[in-house]
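Working notes, beginning with the structure itself.
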Number of protein chains: 2
Amino acid sequence: MEALLTIGETARRSGVAASALRFYEERGLITAQRAGSGHRRFPRAVLRRLAFIVFAQRIGLSLEEIGAELAKLPSERVPTGRDWSRLSGKWAGRIDQRIAELQRLKVGLTSCIGCGCLSLEHCQLVNAGDRAGRIGPGPLLWVGGRRKR
Amino acid sequence: MEALLTIGETARRSGVAASALRFYEERGLITAQRAGSGHRRFPRAVLRRLAFIVFAQRIGLSLEEIGAELAKLPSERVPTGRDWSRLSGKWAGRIDQRIAELQRLKVGLTSCIGCGCLSLEHCQLVNAGDRAGRIGPGPLLWVGGRRKR
DNA sequence: ATAGAAGTTCAAGTGAGCTTGAGATCAAGG
DNA sequence: CCTTGATCTCAAGCTCACTTGAACTTCTAT
């Protein structure tokens, strides 16, 4: 088992396209050594980092947020299980929030949409809170009557 | 209470920006009558339609999917509560799927990331299924070893 | 009558997250 | 040595869901 992986091997083993790996490297989410030729050589540890990235994306974090989290890992040693779980600990709350929202949406779907209270002015089922970053563009979310501008 | 709303009123009451309303009209998600001047006049029923759209977006559907759903509403009469709930019924399943995935992710986060099984090749915690449309671009999701190309 | 708010169209821009293409170089097997 | 496949860089393109700007027109209130 080689200690260093080429970009192709890394792509195969992680399921992340080579182009995405270059993109992530450019964004500072992962790092690669270089062979004399200029070709990337990824340490095996990058695989776990990639797993974490894909995981975090499924949870709904942006690459920027993920990068900020990854930056908290110790850079001079290979991160331990404890390092990783410390990172991921705070996300459980985020998942719970999102689950709670989905459950509210489900209630709204089966009751509220049919009943007529979805006249928008009073219904609080759909709220922001999550994805607060999108308050600028995108449909304004009705947050209890308060809205931008 | 006026029977028809201007685009500005519609935007205020729905929380959806006027530019988004024009965009949705262009995409066929909503329709507007026109005043002699060319100004849009939205029937009040558009508010419920907008509520549904925002709802559906929070659940994770694309505008295209939402449009397909809305197309199933009767076009010649104002949809009833039953019409709406028939539409939304099938989404409950989708919400449940997404909740289940989030719960799996949460388990993975607290156990799997720390333990070492996240070496990608064996871990099935992150799967596709949801968002199948994204299988083309974007990071390839590991679906039990099977991947595109 | 006139200012200013609100509306119109159309084209182009935005941001996230990559992918694709061009043109060149590198690595491995026969 | 030569071919084939992997990689490299850099610039440009793509999808989604809108927003923004320019250049006008219309409505409303004084």
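All heavy atoms count here, side chains included; hydrogens, waters and symmetry mates do not. Convention: sequence-line order gives letters A, B, ...; per-chain numbering from 1.
A11(B) and L21(B) make their closest contact through N-CD1, 3.7 Å (heavy atoms, listed as atom of the first residue, atom of the second, distance). Summarising the geometry of L47(B) relative to S14(B), their closest heavy-atom pair is CD2-CB, 4.1 Å, with the distance given to 0.1 Å.
Phosphate contact (OP1/OP2 of dC26(C), side-chain N/O of R40(A), threshold under 4.0 Å): absent. OP1 or OP2 of dG7(C) lies within a sub-4.0 Å distance of a side-chain N or O belonging to T6(B). A close approach under 4.0 Å does not occur between any side-chain nitrogen or oxygen of Y24(B) and OP1 or OP2 of dA17(D). For R12(A) and dA6(D), the shortest distance from a side-chain N or O to OP1 or OP2 is not below 4.0 Å.
A donor-acceptor pair is defined here as one N or O able to donate and one able to accept, closer than 3.5 Å; such a pair exists between the side chain of D83(B) and the backbone of T80(B). Between the side chain of R34(A) and the main chain of R41(A), no donor-acceptor pair closer than 3.5 Å is present.
In this structure, the CZ atom of R27(B) is 7 Å from the P atom of dA17(D), given to the nearest Å. For the pair E26(A) CD and dA12(D) C1', the computed distance is 13 Å after rounding to whole Å. The separation between L5(B) atom CG and dA6(C) atom P is 16 Å, rounded to whole Å. Across the protein-nucleic acid pair, I53(B) atom CD1 and dC18(D) atom C1' stand 13 Å apart, rounded to whole Å. In this entry the distance linking CZ of F23(A) with P of dG15(C) reads 14 Å, nearest Å. In this structure, CZ of R34(A) is placed 10 Å from C1' of dT7(D), rounded to the nearest angstrom. In this structure, CG of L21(B) is placed 16 Å from C1' of dT20(D), rounded to the nearest angstrom. I66(B) has its CD1 atom 13 Å from the C1' atom of dC18(D), to the nearest Å.
Between I95(B) atom CD1 and R58(B) atom CZ the span is 11.5 Å, to the nearest 0.5 Å. With rounding to the nearest 0.5 Å, the separation of CD1 in I66(A) from CD1 in I59(A) is 8.5 Å. Atom CZ of F52(A) and atom CG of L61(A) lie 8.5 Å apart (nearest 0.5 Å). If you take CG on L102(B) and CD on Q97(B), they are separated by 12.0 Å, rounding to the nearest 0.5 Å.
Comparing the start and finish of the helix from dA1(C)-dT30(D) to dG30(C)-dC1(D), five pairs each, the helix axis swings through 0°, to the nearest 10 degrees.
For I7(A), the side-chain atoms get nearest to dT7(D) when compared with the rest of dT20(C), dG17(C), dT7(D). Comparing dT19(D), dA17(D), dC18(C) against the side chain of Q57(A) picks out dC18(C) as the nearest.
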Please write out the pairs of protein N or O atoms and N or O atoms of nucleotides 23-27 of chain D separated by less than 3.5 Å, giving the distance to one decimal.
{"residue": "dC27(D)", "atom": "OP1", "partner": "S37(B)", "partner atom": "OG", "Å": "3.2"}

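When ring centroids are compared, W84(B) and F55(B) stay outside the 6.0 Å threshold.
S62(A) meets the side chain to side chain donor-acceptor pair (under 3.5 Å) test with E65(A); sequence neighbours excluded.
For the pair L61(B) and R22(B), nearest-nucleotide mapping onto DNA chain D gives the more 5' position to L61(B).
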